[in-house]
Amino acid sequence: MEIPRHWRLKKQRYALVGEVCPHCEAKIFPPRDVCPECGDEAKTLFEFSGRGEVYSYTTLHNAPAGYQAYAPYTVALVKLEEGPMVTAQLTDIDNQPVEVGMPVEMVTRKLRAEGDDDRGMLVYGYKFRPMELQPLAAAD
Amino acid sequence: MTDKSTDNLLLKPSRPVGIVGYGAYVPRYRLPASEISRIWTGGTGGVPIQEKSVPGPDEDTATMSIEAARNALARAGIDPEEIRAVWVGSESHPYAVKPTSTVVAEALGIVPFTQAGDWEFACKAGTEAMVAAMGFVGSEMAEYALAIGMDTAQGRPGDALEYTASAGGAAFLIGPAEESVAVIESTLSYVTDTPDFFRREYQKYPEHGQRFTGEPAYFKHITSAAQAYLDATDTVAEDYQYAVFHQPNTKFPGRVAAQLGFSQEQIAPGLLVPVIGNTYSGAAIIGLTAILDVAQPGDQVLMVSFGSGAGSDAFGIRVTERLLERRDLAPQTQAYIARRTEIDYATYTRMRGKLVLK
Ligand SMILES: [Zn+2]
């Protein structure tokens, strides 16, 4: 039974919330409370923009339990525009070729169902899709 | 209508309220109606729309609501922690018990000091949530409330509803009128007990009482709500630049508009059903987002929803100058519609879980 763990991870998993180092400004994901750049304590929450690019990727044809409904699917190492790397599934890519350097944006999707597909708790989290729906203007 | 005065039928908040931010969502997959016709009728017979949107296998009402709400908050530009209600109207909540709204509130950083609840009233659950949000803000109990209408509708394979039952919807952040991109002047509801369409618990697909779907349900409730609203506000069709009605297929909204004296030009920008299908709780309100994407300050919009069971909510909406500053801060509804991957019937059955594997 993994329900409590999901509950603790929700903030970082639903919305890509990490930390920013108050000493050297490094952006940290996943949150680990210690800055990997300067070694000082870093507990200030920081919400990432969700924009980044594909750094490397691999396509899985034999999905592990809980993920079969989505196979085949592509998992990528995404370099966020703020610096950190995250591993996540790519979605909405259909048969488009994935390329290193491809711009992507974060979306919140169903990751899997816990245990039984029809009865288990649904686990939601971030994935990335090709960046194609940018607003026409940016907030100041 | 009876000869009773309609003046006291209007729901008008004591503090003026409006739409501070709005956002749409349509998934990227499209199933052409001709593809459904190919499977079930050998391609003979007319089809009610051109194509419908289909959610990806990792999408549901919660994930789609999150994206629409992110768009609404991007346009609003307010701190999510100031929102005191997250209300999601849908007939396809992912859980039978456990709110969709708490997932949405968590993902948007609105938790923990907020109301969260799921609303149900067939296809008007979203506008029901909007009326409640107007009351919540209009009474000064809260500054902001988030109302969402979103569905991933399913029709039984081969049924007439399968051609149109689609996925999508919209989110509206309701707040004080002075911060609004569009002021909601007032609203009016018309409800009766009509057995036109229903789905019992544990049933995957809905039933429709064939005799009830057209005249006594859709047309009766929309025209009654709209006419009472026009009478009560002393307005006529010509006073509105745009109108949007619940859109279960291409024909019904066109006919109801004509009955009420609205032209096809007035409904054109909000008529999305031919290219995305019937998004149920999302249908009227996603049409409103497409209108707000093109409207000008001072424009008046009439929106009338319809939910089986049955009822309609009518809203009078006036666009403000602020719309021009805010609307480009999130993707336009037409951009979601243009983003399109066509699928065949086999892919559709897999994506929508129509194949039973065990
Ligand atoms: Zn540091």
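A, B, ... follow the sequence lines: proteins, then strands. Residue 1 opens every chain.
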Contact list (residues 26-33 of chain B to chain A, heavy-atom gap under 4.5 Å, by number) returns B:Arg28, B:Tyr29
CG/A:Asn62: more than 12 non-hydrogen atoms of other groups inside 6.0 Å
no
Distance col, row B:Thr341:OG1 vs A:Ile93:CD1, nearest 0.5 angstrom, shows 11.0 Å
query: Less than 4.0 Å between a side-chain N and a carboxylate O, is that true for B:Arg339 and A:Glu132?
result: yes
_Within 6.0 angstrom of B:Lys98 NZ, more than 12 heavy atoms from elsewhere_ = yes
When every non-hydrogen atom of B:Pro57 is compared with those of A:Tyr70, the smallest separation belongs to O-CE2, 3.4 Å
Please tell me if the side chains of B:Met64 and A:Arg109 come closer than 4.5 Å, counting only heavy atoms from C-beta onward. no
Review point. Distance-only, no hydrogens or angles: does the A:Tyr14 side chain make a donor-acceptor pair with backbone N or O of B:Val104 under 3.5 Å?
Key: no
Filtered by a 4.5 Å non-hydrogen cutoff, the part of residues 71-81 of chain A contacting chain B is A:Ala71
Scanning both residues in full, the closest heavy-atom pair of A:Leu122 with B:Tyr95 reads N-OH, 2.7 Å
Problem set entry | B:Glu67 and A:Arg129 ion-paired at < 4.0 Å | yes
Bottom line for B:Val111: the part with an atom under 4.5 Å from chain A's heavy atoms is side chain
ask   = Is the CD atom of B:Gln296 crowded by more than 12 outside heavy atoms at less than 6.0 Å?
value = yes
CG of A:Asp92 to CG of B:Asp58, rounded to nearest 0.5 Å, is 6.5 Å
Given B:Ala107, B:Gly77, B:Ala62, B:Pro94, the one with more heavy-atom pairs under 4.5 angstrom with chain A than any other is B:Ala107
- Item | Pair A:Thr108-B:Arg70, side-chain contact (heavy atoms from CB on, under 4.5 Å): steps then yes or no | CA-CA 11 Å; A:Thr108 307; B:Arg70 281 194 178 125; 2.9 Å; yes
Nearest heavy-atom approach of B:Pro331 to A:Leu133 is CG-O, 3.1 Å
Applying a strict 4.5 Å limit to non-hydrogen atoms, the region of B:Arg75 in contact with chain A is neither
Heavy-atom closest pair (A:Lys110 atom, B:Asp60 atom, distance to 0.1 Å) is CD-OD2, 3.5 Å
